[in-house]
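If you're wondering where the values come from, they're calculated on a predicted model, not measured in any experiment. In the text below, chain A, chain B and the rest are named by the order of the sequence lines, each starting its count at 1.
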2 protein chains.
Amino acid sequence: MCDAAIALLAQDGPRGLSHLKVDRRAGVPDGTTSFYYRTRAALLRGVADQLIRYDAEAFTEAFKDAPTSSGEVIADVLARQILSIREEPQFSRTRARLELTMLATGDPDLAAGFEEMDVSFRALVGQFVLALQSGDVDPAILDEQATVLLAYLGGLIFAFANGSPQVMTRQDIARQMRAVIVGVAAERLGTH
Amino acid sequence: MCDAAIALLAQDGPRGLSHLKVDRRAGVPDGTTSFYYRTRAALLRGVADQLIRYDAEAFTEAFKDAPTSSGEVIADVLARQILSIREEPQFSRTRARLELTMLATGDPDLAAGFEEMDVSFRALVGQFVLALQSGDVDPAILDEQATVLLAYLGGLIFAFANGSPQVMTRQDIARQMRAVIVGVAAERLGTH
């Protein structure tokens, strides 16, 4: 049922989601979704929990060799995750996640579920930022590198989930991530 | 009526938008919105046109001294535009724009209206990328600088429109934009 709800959200947005439409899409008897999720809020929370489970699987995969992974390896993992958004099932899951993020702005209960995943994603990005640099780096610079990288990745995620036709390879994304990290350090240290 | 529709979309998403709700919010007699916008598609297109008019005003302002503007001036204009998303009326307009962007993925007619504005925004970003650099720069590098900068700005726009609590000043955003531009060039030229 949650996968049916994700598909509906991804395709038609929040207006496309109703208990009955989920029943029909999932091929279960009318009323089944209402039985398990009494309210719309409960259904949305169920979808959020399912999306979080999928994200958790992806992070387990991404972190499995950490913290020994090199910057190259983490760059490749991140770039592959971003590019996978262009294909199912990630396309629908990412669109559903963006729809729920927009809905969650006025709904702290829905927002809370995503916070843990945001923390995990930031941790992965933070590890990448560290792994790419040798020696001591000022924590303020590390923090800004992660911030700018997260904004860059957020922009790509939104564009890819909305069908951006931009041609991009794993190598392009990996290079652009390194560029952000290098650029923030250079700008802060005045070394350019 | 379009401003009422923008407020509804921003607050409750596409589900919050109906002809009658727009009538009530705009304080016009029931049926007025249906008279001017017969269908839901027509109403969404009307909202898109209004958002495009607002964007066009913002770009006229941003470009008014171009192409003589320095990189500093353009950085300041862009940083101010991004930061203004945290306040009304930009907050609601940006949320409505994001909602319509999500809807437009399956609706080429709705998507077409935004394309011109996307081209204008890319042009402003491209001017900024040029203005910050002296001498000849490889067109492939200019193109990648604009791409990465647009992704960074897209990520900030989405985060700010969804209530990100991140503390950021105009100076922070201007510095981070320069960092992206410097970093892409350094990574491509191997000068770091």
Check ion pair A/E144-B/R175 (N to O, under 4.0 angstrom): yes
B/R86 to B/F91 six-membered ring, cation-pi geometry met (6.0 Å, 45°): no
Side-chain ion pair, A/R93 and A/D55, N-O less than 4.0 Å: no
Top contributor to chain B interface from A/V184, A/N162, A/V180 [non-hydrogen pairs under 4.5 Å]: A/N162
Chain B interface, residue from A/R40, A/R178, A/M168, A/E99 that has the most non-hydrogen pairs under 4.5 Å: A/R40
Heavy-atom pair count under 4.5 Å with chain A, highest-scoring of B/T147, B/L149, B/L150, B/D107: B/T147
Engaged part of B/L98 at the chain A interface, taking heavy atoms whose separation is under 4.5 Å: both
B/R188 versus chain A, the contacting section by heavy-atom distance below 4.5 Å: side chain
Worked check of side chain to side chain contact (heavy atoms under 4.5 Å, CB included) between B/Q11 and B/L8: CA-CA 5 Å; B/Q11 192 181 307; B/L8 288 167; 5.7 Å; no
Note: A/D3-A/R25 ion pair, threshold 4.0 Å (strictly below): no
Options A/L17, A/D12, A/V148, A/L156, ranked by heavy-atom pairs under 4.5 Å with chain B, top entry: A/V148
Contacting moiety of A/Q166, where chain B heavy atoms sit under 4.5 Å: side chain
NZ/NE/NH1/NH2 to OD/OE distance under 4.0 Å, B/R122 and B/D143: yes
